[in-house]
J.: 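Sending over a structure as structure tokens; questions will come in a sec.
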Amino acid sequence: MKILQQIPPLRQQIRQWRQQNERIALVATMGNLHQGHLALIAEAQQRADRVVATIFVNPLQFAAGEDLSRYPRTPKEDYEALRSAGCDLLFAPEEAVIYPDGRSQPLTRVEVPALSDTLCGIHRPGHFNGVATVVLKLLHLTTPDLALFGEKDFQQLQIIRRLCYDLNLETEIVAVATVREADGLALSSRNGYLTTKERAVAPNLYRILGEMAQAVERESSGFRQIEVRAMGAATEAGFVPEYFALRRRGDLQPAERGEKDLIALAAVRLGTTRLIDNLQIG
Ligand code: PAF
């Protein structure tokens, strides 16, 4: 596996593969790789000739006071995991390569307002502009035929799809199912922050999402009532809930009974850790 930190050699390698008519897939990550990331690599290998992974802890998507400085960084383990998985190229730039004029400079940013100003966007102002900006940069730098993203970050996935649609990017965005622990907890780099006691509480997030899905399918209660009940169940389980929401999958707007293609989404705090998860319904 080739490891590159600079843009010119990355572009040169991509050009060479393109000249050989090879199909290129991008898996963008912030490192601290787990089985969820490796599922993205495996799916990419099925669909492309070359797999490019990126590791970049993007400061632009962390608001002041969030966990940028403590975000887990495990470069050696990550390189080894990618190498064993058969990844072709790792692009792992320093911050100055991605933001050469510094990120406090007025920087061109990408905004996807239709999908960003709701759910996590309310609780993490500016977060999705940071994600959209860096993802567009990575798509331009690697010009992939396809890019794969996990369904665990469902709002992020829809924002990236919309970004590609609105800005006429040719890259196909491929969604990959969430990988879970045996007890249902969605894999996340942030799970490493949990204490033993919190880790025992964490699977209740998926359980409550399951109860929301059951209520949608088996009861006649209104959706707002189901959301309020889920917030109560989360508090009882030991979380500080930010939101439990029943939305339409396509545009993430509030859903009503009778609509199809729904999703239950949630964000909670557990001690100092913020967890998100979702469950598609119907
Ligand atoms: O999901 C992530 O790890 C990040 O948000 C991404 C897509 C790599 C952008 O920094």
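As the structure lists them, so they are numbered: ligands from 1, and atoms in each ligand from 1.
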J.: For Phe62 and Tyr71, take the angle between the two ring planes, folded into 0 to 90°, and tell me which bin it lands in: parallel under 30, tilted 30 to 60, perpendicular over 60.
T.: perpendicular
J.: Below 4.0 angstrom from a heavy atom of Val134, which ligand 1 atoms are there? Numbered from 1 as shown, please.
T.: 9 (C), 10 (O)
J.: Would you say that Leu119 contacts Tyr243 through its side chain, given a criterion of any heavy-atom pair below 4.5 Å between the two side chains?
T.: yes
J.: Just by modelled atom types, is the Gly126 backbone N or O under 3.5 Å from a matching donor or acceptor in the Asn129 side chain?
T.: no
J.: Answer side chain, backbone, both or neither: which part of Thr29 comes under 4.0 Å from ligand 1, heavy atoms only.
T.: backbone
J.: Using salt bridge (Lys or Arg N to Asp or Glu O under 4.0 Å), reason through Arg103 and Glu95 one step at a time and then give a plain yes or no.
T.: CA-CA 9 Å; Arg103 66 192 135 99; Glu95 186 180 332; 2.6 Å; yes
J.: Salt bridge (Lys or Arg N to Asp or Glu O under 4.0 Å) between Glu242 and Arg274: does it pass, once the steps are laid out?
T.: CA-CA 9 Å; Glu242 283 185 357; Arg274 185 174 186 275; 2.8 Å; yes
J.: Among all protein non-hydrogen atoms, which one is nearest to atom 3 (O) of ligand 1, and what is the separation to 0.1 Å?
T.: Met30 CG, 3.6 Å
J.: List every atom of ligand 1 that sits less than 4.0 Å from any heavy atom of Gln156, numbering the atoms from 1 in the order shown and giving each element.
T.: 1 (O), 2 (C), 4 (C), 5 (O), 7 (C)
J.: Do Gln61 and ligand 1 have an N or O pair less than 3.5 Å apart?
T.: yes
